[in-house]
2 protein chains.
Amino acid sequence: MGRRRPGTPTLEEVAAHARVGRGTVSRVINNATGVKESTRLAVQRAIDELGYVPNLAARSLAGRRADAVALVMTEPDWRQFAEPFFSEIVTSLGDALTDTGMQLLLTLVRSDAERQRFLEYARGGRVDGVLLMSVHAGDPLPDMLAEARLPTVLLGRRSGDEYVSYVDMDNVGGARSAVSHLVQRGRRVIATITGPLDLHAAQCRLRGYEEALALAGMKVERTRVAESDFTAESGRRAMAELLERHPDIDGVLAASDTTAAGALEALRAAGRRVPEDVSVIGFDDFPLARRTEPPLTTVRQPIEEVGQAMIRLLLEEMEEGAVAWRHVILRTELVVREST
Amino acid sequence: MGRRRPGTPTLEEVAAHARVGRGTVSRVINNATGVKESTRLAVQRAIDELGYVPNLAARSLAGRRADAVALVMTEPDWRQFAEPFFSEIVTSLGDALTDTGMQLLLTLVRSDAERQRFLEYARGGRVDGVLLMSVHAGDPLPDMLAEARLPTVLLGRRSGDEYVSYVDMDNVGGARSAVSHLVQRGRRVIATITGPLDLHAAQCRLRGYEEALALAGMKVERTRVAESDFTAESGRRAMAELLERHPDIDGVLAASDTTAAGALEALRAAGRRVPEDVSVIGFDDFPLARRTEPPLTTVRQPIEEVGQAMIRLLLEEMEEGAVAWRHVILRTELVVREST
DNA sequence: CCAAGGATTGGGAGCGCTCCCGATCCGTGG
DNA sequence: CCACGGATCGGGAGCGCTCCCAATCCTTGG
């Protein structure tokens, strides 16, 4: 099938039109140095007159680079996708990429066929690097990319030791300080609603919860742990369940702000007052956390820095050809509001 | 900066390794006809042994096509992004694209700079066509793409006459039949919560509402119309407002299921029973509509067909070089549940 | 056994750009 | 007025692939 576009002028035509050599035009469009100002102007005029647009395929063939990076989402059920977390990350990545002149391409990988297709796309040189979001425990994609020696940076990690570069947050520390805060507030029956436990981040938060309890000399009880999938609905359900098992609960650490919002509803439905009867802490510090009733104490994740760090790692890897893996763990911070 | 990847084998090397000509290898990897089975096998083996992956830049330079289409989102505030509508569309587009072998790339355009960058990317030939979602009234991007003669298909349209191909739903008809249904149910004070009115779809739904009232010989009152931005929160607010102005409301058509869910909450808070006191109708028929209390009567949009239609139009345009604009209006359907 | 004609193959000619080296220009100091 | 060295330029040599035509290989039918 012929999907060709009508004849766009080529660099050579621009050169002829401006009465200069190809090299000069190339220098101008890449705004390289070493072009006399008058020449640059003449070339620029030719470009404008002809409506010239560089052919990116030719450029990347000759220059051996694509000037694009892919952001891959592998979340099979898309739930993450609707989370504000996602859009904030994308925004911050976009910002961090602005002055590199590279395009950010989002790609969805929902099946093996799509994974394969993407791999061919990436190995075929259409992107210079790959960013991966919300990678689940058994996902082979990161390793396949490493195999192909494509610069790759994960957001979060699949497990404790990961042979790929990643940026992660200090989930353990965040959860720990949140629970310690509950202890300081005098809470004694502290439960937690975790995220999906095949996500390493969720496990880390659970570990932080346990560590804080241990630190306070309190016993960890499995029945005080309920799992959610980060949605408000599942948070509500988990909270209801916990209340049933332990009517005397007086503190809860939720997997995310959204989950916490669900938990708040369940508590309200059960006639508990927050924070008088029960203290609730969220995770993420999304805008939502400010608007719940009462506003949520939560663990802030430095999303803006996440984007910057990911891009920085990726650029470094692109620079030197993926000879080492780097890890960045960003510090989290407890933001105290009225729910505790 | 050197973002080059280590030497990948080239087609020529594969040819040498398999002791055949370049053309033959090319035929094999594009599984074209006219290659003897034994030859094909030999080539395939060489490909596997060398771990060959075609260089897509070279392919698209020589073949004058990119084998990729972009899905552009211009929603400035991302609210749409979190809507299930969005992810369903993406899924259906992905499905429709599966057997064409093309990659679907999502791109975000949030500023003029990003619009410009994307335009260069597209005009530079990195994609064969462009799909645009949720285009707002004054957005110049579709025209810029048309100008560049890039095959383009909109989802929805900016106004009644649009010189670009698009796929849209019969929003007028959907709203009309929804309101007629309310009338049939004996409702007499019927209000509507619209979407953002700079979206043509929202205007069409409003028009359908008005038409149905006129058809029933009822008067249209501006005070029975409230605007929302499709979120649950804004739906709740709009409903509260409407109730204040017209305590005797007995029927509501909401802008979307999400908005309707918000409206339901506001009604509950105001002590109204649904459907006994007030009938509520949503729009979209998302999974959500089944799970509200009570389950929503709603206008179903044929999302799966939307994706298929968009891809079909795009392929047609790519085939023949954008010589005509095509419009497809998909029929909507009222799904009656318990909220009316 | 031979020629005709379809099935396979090989490989030249680009696609449009970047790299880079050698050529050309121009201003300066002697 | 001339040699010299840095600032500018021009354009050959690819980058790795597809297209397409001419060359070669097999089958048939006579």
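Naming convention: chains lettered A, B, ... in sequence-line order (proteins, then strands); numbering from 1 in each chain. Just so it is clear, the model here is predicted, and its values are computed rather than measured.
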task: Decide yes or no, distance alone: a donor-acceptor N/O pair under 3.5 angstrom between the base of C:dG12 and the side-chain of B:Arg22.
output: yes
Whole-Å gap separating P (D:dG16) and NE2 (B:His17): 18 Å
message: Whole angstroms only, please: what is the CG-P distance between B:Asn30 and D:dC19?
response: 7 Å
statement: The nucleotide from C:dC17, C:dG16, C:dT9 with an atom nearest the side chain of B:Leu61 is C:dG16
task: Please work out whether the ring planes of A:Tyr166 and A:His327 are parallel, tilted or perpendicular, with thresholds of 30° and 60°.
output: parallel
d(CG, A:Asp67; P, C:dC17) in whole Å: 14 Å
message: With a 3.5 Å cut-off and heavy atoms only, can you find an N or O donor on one side and an acceptor on the other between the side chain of A:Arg64 and the base of D:dG14?
response: no
From C:dC17, C:dG10, C:dA13, nucleotide with atom closest to A:Leu11 side chain: C:dC17
message: Is it the case that the side chain of A:Arg59 and the backbone of A:Pro54 share a donor-acceptor pair, with hydrogens and angles ignored and the cut-off at 3.5 Å?
response: no
- request: Go through D:dG10, D:dG16, C:dT9 for me and flag the one nearest to the B:Ala58 side chain.
  value: D:dG16
query: Given C:dC15, is OP1 or OP2 found less than 4.0 Å from the side-chain N or O atoms of A:Asn55?
result: no
- request: List in numerical order all residues of residues 32-49 of chain A for which some heavy atom is under 4.0 Å away from an atom belonging to DNA chain D.
  value: A:Gly34, A:Val35, A:Lys36, A:Thr39
query: What nucleotide among C:dT9, C:dC17, D:dG10 has an atom nearest to a side-chain atom of A:Thr24?
result: D:dG10
- request: Starting at atom CZ of A:Arg126, determine the distance to atom C1' of D:dG16, rounded to an integer number of angstrom.
  value: 13 Å
message: For a quick test of reading the model, state the closest non-hydrogen atom pair linking B:Ala57 to A:Arg126 and the distance between them.
response: N-NH1, 4.4 Å
D:dC17 phosphate, OP1 or OP2, under 4.0 Å from B:Ser26 side-chain N/O: no
- prompt: Where do A:Leu97 and A:Thr100 come nearest, in terms of heavy atoms and distance?
  reply: O-OG1, 2.7 Å
- prompt: What is the distance, rounded to the nearest whole Å, between atom CG of B:Leu56 and atom C1' of C:dC17?
  reply: 17 Å
Output a table of donor-acceptor pairs, distance under 3.5 Å, between side-chain atoms of residues 32-48 of chain B and any protein atom two or more places apart or on a different chain; print 'none' if there are none.
| residue | atom | partner | partner atom | Å |
| --- | --- | --- | --- | --- |
| B:Arg40 | NH2 | B:Ala32 | O | 3.3 |
| B:Gln44 | NE2 | B:Asp48 | OD1 | 3.4 |

- prompt: Can you name the residues that form a ring-ring contact (aromatic ring centres under 6.0 Å, His included) with B:Phe118, not counting sequence neighbours?
  reply: none
message: I need the single residue from A:Val127, A:Leu314, A:Ile311, A:Val69 that forms a side chain to side chain contact (heavy atoms under 4.5 Å, CB included) with A:Met102. Which is it?
response: A:Val69
statement: Closest to the 5' end of DNA chain D, once A:Arg19 and B:Val53 are matched to their nearest nucleotides, is A:Arg19
